[in-house]
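Heads up: the structure comes next, in structure tokens.
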Amino acid sequence: MTIDRRTFLESTLALFGGWGLGACGGGTGGSEATDSDGTTGSGGASDSTGSAPTEGTEGTTDSTGDAPTTTDTGGPDVTPEDIVTVTLTAGTSGALLPWTIGHFFAEGDVPTGTRLSADVDEFQAVVRNRWPDGSVKFAVLSGRCEFTAGTPRVVQIGRVPEGSDPAPALTEAELVAAAPDLTVELGALGSVSLASALGSPVQQILAGPVASEWRYRLDVDQQLIVWMFVRLYAGGAVEALVSVENGWLDYAGAINKLARVVVTSNGQTLFDSTSELDIKHHTRIVCTAGHSGKLWLGADPQIVVAHDTAYLQQSGAVPAFLAESTSQELLDGLADKYVPYAQHNLPGNALGGGGDSPSIGWLPKWDATYAVSAAPRALRAVLVNSFAAGAWSVHIRDAETNAPPTFAAHPDLKLPQSSGDLYGGRAYYSGQYGTDWDISHGWLPGYVAYLVTGDWWHLEELQFFVKWVHFSSDVQSRMGAAGLMVRSLQPRGTAWQIRNCGMAAAITPDDDPERAGYAGAVGASFVWMRGYHTNALGLVVEPDQMYWGDIGGERTWMSDYVVGSVAWVLDLKVIDASQQADADAFMQWMGKGLVQRMSDGTNPEGWHWAYQAYSPVCSALPWPENQQQDAFDANWGITFERFAGRPNGPDLDDGNIHATNWDSLGFEGMPVKEAFGGDYFEYAMCALAQCVNRQVEGAEAAFARITGATNFAQCRAALNGDPRWGLAPRSFVKKA
């Protein structure tokens with residue numbers, strides 16, 4: 001059974017079960033300013049049917065949430081223009097129900113001199129990131145408008161020229177005046193109350209006339225902290241995300257904490273763990289009985305968002321996918337309701353085991369499913385699995401900055417001090433640590449959850465995992481604070497850390513000083529790898545690779561992970577201009593080798609595209625000399641002849657994609673492929689698709705050979721059960 005996107009939207013009400021979606025991110029606390037873009041109140045508000053766009057203006061806000069100040073950038077005259085729609089569905093009816101979502105924008109869609117608008121009664125857009133040309137990359141959108149319960153409302157997002165001054169932002173003084181009651185009880189460990197922290201936020205996350213948000217730190221003891229993210233909407237509605245976190249970066253002797261966690265407001269229980277939780281050190285939980293993470297101190301409007309999936313993929317926010325539909329079986333298998341320390345769809349303590357896991361891929365299965373379908377069930381899984389990542393013992397927050405530690409502040413820090421059983425926090429089920437984190441099998445935590453909600457919690461989750469990999473790596477190999485990601489023992493580990501750090505560089509707010517840290521680490525890694533890799537095959541081989549794997553063989557599919565990750569990061573334009581030339585050269589070198597490996601039979605120097613292998617031998621020398629790059633074959637045709645026992649030739653062009661025969665590692669007996677899934681042909685295909693995006697010579701023609709195969713349509717259809725391993729060039733995705 002397959003379900004298209006429209007069917008999902010029409011059945012939203014039956015699927016959500018208590019949402020309260022809405023969040024935002026930005027700023028870094030203290031006196032940091034946010035780039036606040038587009039507010040309501042002075043520019044032609046519409047009636048409740050959304051007949052006219054609500055306009056805003058560009059401005060900046062300080063961390064206290066005072067009124068934005070107008071910034072005239074002197075941009076060109078711009079005609080109002082629609083960009084994209086989002087679909088919102090509420091579980092209740094009302095005239096001015098509040099909502100907040102995150103949204104990524106394609107380069108150039110909201111250029112300098114324009115601001116975002118929407119056809120709703122009240123609207124604000126807080127810009128977090130911009131492309132190098134100044135156009136909006138990521139923004140947090142908030143609004144209030146009329147909903148009829150269960151009826152999807154399509155909101156048109158557009159751009160208009162800059163206008164008049166926006167209305168004043170909601171201030172913390174207004175939140176204090178509302179006196180929101182929120183208490184967290186942790187059994188014998190004690191309790192904390194929001195009232196004690198009001199007036200002293202550690203960070204203002206969002207500021208605007210529709211919604212403002214603050215983050216509060218409440219210390220239970222020296223080790224255990226309660227974080228409250230509290231948002232005030234125009235009209236007085238208040239929502240909160242409450243998170244309990246155990247341990248700091250530099251706190252010695254951190255131990256697990258046992259407590260029944262109960263959150264109350266005005267005598268009403270908003271969350272109850274019902275029994276004691278084993279809150280493992282350097283982990284964190286969210287106090288929610290659902291999936292949005294939000295606790296409303298009044299009526300929950302239960303608003304669900306569905307983004308335009310074609311736009312999401314074309315913008316570069318996520319890879320483009322070949323999947324055309326989503327099966328009900330796939331959706332039924334996704335996590336639906338968060339439970340602290342439950343595994344949900346994450347791999348648990350088997351993360352480092354062999355074989356596929358739904359977490360592995362350029363996007364995990366749940367994130368890829370949302371990117372393809374925007375289904376409510378997929379969205380719930382995106383959020384639940386992001387929250388579930390809090391169970392890993394990687395949360396090393398700096399107590400002085402209240403943020404994940406910076407690269408620069410701890411150039412010589414190594415965590416843990418040794419590897420082995422403590423590496424990554426092993427022994428989740430029996431020991432002091434949270435679940436094991438294995439770099440080479442790492443997924444992308446928090447990224448899509450932040451893209452679709454804007455919630456700061458999810459952004460930090462990605463940052464925590466990036467920093468854990470950095471600080472658990474050898475200090476010399478990472479070159480201290482430089483953050484090199486080039487000696488993970490396996491190329492796939494390098495690929496996934498480059499992806500994660502690159503995505504952190506793309507979505508950490510531009511005014512956060514550490515955004516440059518993430519970008520610098522990625523760029524420095526590209527420069528280093530460009531200088532290190534000298535083989536003629538475009539194959540990424542780690543400096544330590546000779547100590548593992550197949551003697552004499554090279555796992556090309558791991559190199560494919562690097563190709564795809566580097567291409568995606570480069571698409572997001574995050575690295576410094578001084579590193580760009582080396583990064584582009586490295587990308588083209590890798591891409592050229594992959595294109596040669598996806599040759600047809602007319603290229604005697606190429607490997608035949610239809611017959612990919614698990615671990616081909618790429619050198620005529622014995623091990624370990626065959627691991628030296630100057631000993632590699634001069635071209636893929638030589639490698640293919642060694643593998644197949646015959647040269648590449650036109651007679652091999654039978655029009656079909658063949659499944660990998662990786663048991664024997666030989667050429668004969670490779671059957672015609674029947675479905676796309678986690679296999680070695682698909683890894684090359686996905687990387688090749690991203691080479692098309694980077695305009696690698698020959699990549700488009702090579703990908704066309706795949707789509708023209710006799711069995712391509714059959715293989716593609718199988719992606720409705722798991723879209724992860726079917727990436728396409730962005731040009732392949734058609735607008736809805």
Side-chain angles (χ1 to χ4, degrees), residues 132 316-320 360-363 439-440 442-444 447 466 469-470 478 482-488 490-507 518-535 537-543 545 554-598 629 683-699 702-703 727-730:
V318 298
I360 299 175
W362 280 277
L363 287 184
I439 295 171
S440 292
W443 70 92
L444 180 60
Y447 174 72
V466 170
V469 174
H470 170 77
R478 74 182 195 234
L484 294 187
M485 296 164 276
V486 297
R487 294 179 72 94
S488 69
Q490 298 180 8
R492 56 184 169 180
T494 289
W496 302 143
Q497 176 66 347
I498 283 174
R499 174 202 58 192
N500 288 12
C501 193
M503 295 309 107
I507 63 173
Y518 295 111
V522 172
S525 296
F526 291 168
V527 172
W528 188 94
M529 287 190 287
R530 167 59 178 160
Y532 176 83
H533 291 95
T534 57
N535 68 77
L537 302 181
L539 190 61
V540 176
V541 183
E542 288 300 318
Q545 187 164 337
E554 303 296 344
R555 299 187 184 186
T556 53
W557 47 279
M558 291 194 188
S559 182
D560 294 339
Y561 293 161
V562 179
V563 175
S565 296
V566 172
W568 186 15
V569 171
L570 289 178
D571 282 349
L572 294 177
K573 299 186 176 181
V574 298
I575 67 173
D576 187 82
S578 65
Q579 301 164 325
Q580 192 68 50
D582 280 323
D584 289 339
F586 178 55
M587 178 69 232
Q588 293 298 315
W589 170 80
M590 289 190 299
K592 179 181 177 181
L594 178 56
V595 167
Q596 191 182 69
R597 207 174 91 233
M598 302 295 284
Q629 295 197 45
Y683 306 148
M685 178 183 71
C686 290
L688 182 65
Q690 296 178 91
C691 287
V692 177
N693 294 338
R694 297 305 303 167
Q695 299 181 327
V696 174
E697 183 178 358
F703 198 83
L727 298 191
R730 285 196 300 273

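Excluded from the calculations below are hydrogen atoms, water molecules and symmetry mates; all remaining heavy atoms, backbone and side chain alike, are included.
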Got a second to check how far [X]'s [atom1] is from [Y]'s [atom2], nearest 0.5 Å?
X	Y	atom1	atom2	value
N500	W443	CG	CH2	10.0 Å
C691	K592	SG	NZ	13.5 Å
S565	I498	OG	CD1	7.0 Å

Under 3.5 Å, is there a donor-acceptor pair between the side chain of [X] and the main chain of [Y]?
X	Y	value
Q490	S440	no
R499	G361	yes
Q579	F526	no
W496	P491	no

Next on the checklist: Show me the pairs that pass salt bridge (charged side-chain N to carboxylate O under 4.0 Å, His left out) and involve residues 561-574, at least two apart or across chains.
Outcome noted: E107-K573, D571-R694, D571-R730

Next on the checklist: Please verify the inter-ring angle class for H533 with W528; under 30° counts as parallel, over 60° as perpendicular, anything in between as tilted.
Outcome noted: perpendicular

Next on the checklist: Between R597 and D560, does the salt bridge (Lys or Arg N to Asp or Glu O under 4.0 Å) criterion hold? Intermediate values first, please.
Outcome noted: CA-CA 11 Å; R597 207 174 91 233; D560 294 339; 2.7 Å; yes

Checklist entry - Do L594 and T556 have side chains that get closer than 4.5 Å, going by heavy atoms? => result no

Checklist entry - Taking the side chain as C-beta and beyond, is there a heavy-atom pair between V522 and M485 under 4.5 Å? => result yes

Next on the checklist: Test of understanding: with side chain to side chain donor-acceptor pair (under 3.5 Å), list the residues that count as partners of Q580, not counting sequence neighbours.
Outcome noted: D584

